[in-house]
Amino acid sequence: VVGLWHLDETSGTTAFDSSGNGNNGAISGPVTLGVPGHLNTAYSFVPKSTVIVPNASDLIPGTAKITISYWLKTATLPCCNAIDYDMFAKGNGSSKGGQIKIEVQENGQASCMFRGALGGRQLQAGPNVVDGQWHQVTCVRDGTRIVETVDGASFSVTKATGAITVKDPIRLGSHKNGGDWYKGVLDEHRAGARLLDIGQPPYAHRTSVPHPRFRPWRPLPPPAAPQK
């Protein structure tokens, strides 16, 4: 994991990175901290709210596997013609080196978009996540496959995107230059790639009780010894 933002802060202007890599984010605008989260507390976003994570060498994935996941809770659809929610953005359509854009679209579906040296592709699939309930969304770029998983159901497409070398900051909750502002609650944002391969079972980093939908795997007990 290169970025793990629990979003558990209840005061201050820093979203601390718990991955150990020091990729802390700056909280900007009217973000409300300390609201009830999926695990512990979370951040509530409204227009003009964002978290900005400065670029770093470990946030440039190249051709490595990329995994980005987050939990969201909102009952408000994006509004007003071609506006969506940018849940995670690194670069935009004109950024040199590509772009990563993880969104919620006008119809309430989540989407994953990766653009690299060989081109780009967006995958939009799954149920409406704008229903006032908690949902987990995970986006993966692994070789020539893009996989979107929503609450455990996965969808995929095949597309060679090539190296992603964009050096723009990461923004949580907004577009690169503002806009596409998220309105809702955001929690447990993770990025791994060796950018953003989580490489650990769900909730291995927390002591909280896991969500029943994602109970950790436990080995079966050994068979009983045969009776003599």
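A distance of 8.5 Å separates CG in L59 from CG in D17, rounded to the nearest 0.5 Å. For the atom pair M87 CE and C112 SG, the distance stands at 12.0 Å (nearest 0.5 Å). With rounding to the nearest 0.5 angstrom, the CG atom of D8 is 6.5 Å from the CG atom of D187. Remark: I27 CD1 to F16 CZ distance equals 8.5 Å, nearest 0.5 Å. Note that the CD atom of Q109 and the CD atom of E106 stand 12.0 Å from one another [nearest 0.5 Å]. Atoms CG and CD1, from D84 and I102 in turn, are 11.5 Å apart once rounded to the nearest 0.5 Å.
Put simply, the residue from Q124, K101, Q105, E148 that forms a side chain to side chain donor-acceptor pair (under 3.5 Å) with S111 is Q105.
For the disulfide (SG to SG under 2.5 Å) condition, no pair includes a residue of residues 1-72, sequence neighbours left out. Residue pairs meeting the salt bridge (Lys or Arg N to Asp or Glu O under 4.0 Å) criterion with at least one member in residues 156-173, sequence neighbours excluded: D168-K176. Counting only residues at least two apart or in different chains, salt bridge (Lys or Arg N to Asp or Glu O under 4.0 Å) contacts with residues 123-143 are absent.
Scanning all heavy atoms of the two residues, the minimum distance from W181 to T50 falls at CZ3-CB, 4.2 Å. Here the closest non-hydrogen pair linking A42 and V185 is CB-CG1, 3.6 Å. For L72 against V129, the heavy-atom pair with the smallest separation is CD1-CG2, 4.1 Å.
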Practice item. Kindly indicate, with the supporting measurements, whether the criterion side-chain hydrogen bond (donor to acceptor under 3.5 Å, both in side chains) is fulfilled by H6 and E188. Key: CA-CA 4 Å; H6 291 311; E188 297 298 317; 3.0 Å; yes

Practice item. Could you give me the CA-CA distance, side-chain angles and deciding distance for K73 and H135, then say whether side chain to side chain contact (heavy atoms under 4.5 Å, CB included) is met? Key: CA-CA 7 Å; K73 180 180 180 181; H135 297 279; over 6 Å; no

Practice item. May I have the step-by-step check of side chain to side chain contact (heavy atoms under 4.5 Å, CB included) for L33 and T41, ending in yes or no? Key: CA-CA 8 Å; L33 311 185; T41 61; over 6 Å; no

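Ring planes of F88 and H189: tilted class, angle from 30 to 60°. Classified by interplanar angle (parallel below 30°, tilted 30° to 60°, perpendicular above 60°), the ring pair Y85/Y182 is perpendicular.
In this structure, T13 has no side chain to side chain contact (heavy atoms under 4.5 Å, CB included) partners at least two apart in sequence or on a different chain. Remark: F114 pairs with no residue by the ring pair (Phe, Tyr, Trp, His ring centres under 6.0 Å) rule, at least two apart or across chains.
When side chains are defined from C-beta on, W71 does not count as touching L39, because their heavy atoms never get closer than 4.5 Å.
Cluster partners of V147, by chain and number: V140. The rule joins Ile, Leu, Val, Met, Phe, Trp and Tyr whenever side-chain heavy atoms lie under 4.5 Å apart.
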